[in-house]
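Here is the structure we will look at, set down as structure tokens.
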Amino acid sequence: MTRSFDVATAPEHYGNHQLGIYAQGLKGQLPELPLRYEDMEARAREVLPPAAYWYVAGGAGETSMAANRSAFDRYRLLPRMLTDVSQRDLGRTVLGKRQVSPLMIAPLGVQEIIHDQAELGVARAAAAVDVPMILSTVSSFALEDVRKELGTTSGWYQLYWPNDDALATSLVQRAEKAGYEAIVVTLDTKMLAWRERDLDGAYLPFLKGQGLANYTSDPVFCAGLEKPPQDDMRAVVKHWSDVFAAPARTWDDLARLRDATKLPIVLKGVLHPEDAIKAREAGMDGVIVSNHGGRQVEGSIAAIDALAGVVDAVGARMDVLFDSGIRRGADVLKAIALGADAVLIGRPFAWGLACAGQAGVEEVLRRLLADIDLTLALTGNDSLDGLSRVSLAP
Ligand SMILES: Cc1cc2nc3c(=O)[nH]c(=O)nc-3n(C[C@H](O)[C@H](O)[C@H](O)COP(=O)(O)O)c2cc1C
Ligand SMILES: CC(C)CC(=O)C(=O)O
């Protein structure tokens, strides 16, 4: 068996020198990035303006966000002993392509509020560790520019499906032309939820024109403006808010989107098994089980609790990915044991970006990979593909 995550990419942290991790102290590698997730978030809170910090940290209320974490504790790994774990394989096959690990970068909008490098820095970090990146529609740099930074690493494009079909087609076809390998359509954000943290500070970065690079670089979007975007930002924001929300969309509309691109389409924000079946019937290639990190429906089911139901409904026929609450290696193993093909990393990389830009994101991903690998070995497994529900306590 070949080891697909090459630890040689992080020899000073890891590899066959695990004792070295402790001797050296990972903190010394990047002092501005604390090791524990909570400390990393606390450091990000110190460096970010309060409104930006809360935009990332906040949810629609607090309980679903908390449940995304506490629900993980109800699933417990059941380690096995005396198996040969000298060679380990962290690879996963997603949409028919082998990835070196199960990690993907989740689509996070307006990264310029976190760090000047924004999506360009994240793409460079993703490329350094070969973790595929999903780029948000509401990004701070145009999708073509971000794609270039990824080099040979896979990129997927996340579509916020506008109410204008011509604009949707234009965005999707630009993504296809730029070399993105799949389209992710986010379903759970037909409108922004009641988010007290942002309402409190009257903070919505898009209303200041942030995160609109994919729109202002789009010919169809610009055709709806009287002046070039740089000459009238207020008109850009007004037009954006007119096209962004599409509350009337239903499953029937997917056929037009399916016809607009040859790329595989993955629906993000699916929690109900019957919606996963509808996705399959509509010719979709995968679903992402997610509650948007607790940012949309306060009181919703914890995402990890929705995973097994969706896997049982469609897992044999389409890819099922997962996000919302992944913070450490054990979380990744649990999601895979429950049937996820891959997992998306959200807020952890945002804190890495806030604390140390590209280097911070890279470090977050490397640490997570090291933790996944160690947890895999210590549970007696030599490959993530070998995990199943028997890897969890009954
Ligand atoms: C600041 C922020 C911005 C986000 N922007 C988007 C977005 O543009 N498109 C999207 O599909 N999801 C977006 N999400 C949701 C993430 O893709 C992902 O579902 C979520 O972060 C998972 O939760 P976790 O980060 O707590 O693990 C955003 C999340 C955050 C925190
Ligand atoms: C434009 C948005 C709705 C961005 C987003 O997905 C989020 O803030 O959660």
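One-based numbering, in listed order, for ligands and for the atoms of each. Atoms considered below: every heavy atom in the structure, side chains included; atoms not considered: hydrogens, waters and symmetry mates.
Considering backbone and side-chain atoms alike, P107 places an N or O below 3.5 Å from some N or O of ligand 1. The shortest N or O to N or O distance between G325 and ligand 1 is under 3.5 Å. Between R295 and ligand 1, a contact under 3.5 Å exists for no N or O pair. Considering backbone and side-chain N/O atoms, H292 comes within less than 3.5 Å of an N/O atom of ligand 2.
Between D385 and R98 there is a salt bridge, with a side-chain nitrogen of the basic residue lying less than 4.0 Å from a carboxylate oxygen of the acidic one. Ion pairing between D331 and R328 fails under the 4.0 Å rule for side-chain N and carboxylate O. In this structure, D373 pairs ionically with R88, as a charged nitrogen and a carboxylate oxygen lie closer than 4.0 Å. Salt-bridge annotation for D165 and R256: present, with a side-chain N of the basic residue lying under 4.0 Å from a carboxylate O of the acidic one.
The proximity of R347 to ligand 1, defined as any non-hydrogen pair under 4.0 Å, involves the side chain as well as the backbone. When non-hydrogen atoms are compared, ligand 1 lies under 4.0 Å from the side chain of R327 (C-beta onward) but not from its backbone. Under 4.0 Å from ligand 1, heavy atoms of L108 appear from its side chain as well as its backbone. Proximity of S290 to ligand 1, defined as any heavy-atom pair under 4.0 Å, is confined to the side chain (atoms from C-beta onward).
Ranking the protein heavy atoms by distance from atom 4 (C) of ligand 2 puts Y55 OH, 3.6 Å first. Remark: minimum distance from atom 8 (O) of ligand 1 to any protein heavy atom is reached at S136 OG, 2.7 Å.
Those atoms of ligand 1 that come under 4.0 Å of a heavy atom in K268, given as number and element, are 10 (C), 11 (O), 12 (N), 15 (C), 16 (C), 17 (O), 18 (C), 19 (O).
Looking at heavy atoms from C-beta onward, D319 lies out of side-chain contact with V266 at the 4.5 angstrom threshold.
Using a 4.0 angstrom heavy-atom cutoff, R195 counts as in contact with ligand 2.
The two atoms that bring Y203 and P205 nearest to each other are CE2-CD, 3.7 Å, heavy atoms only.
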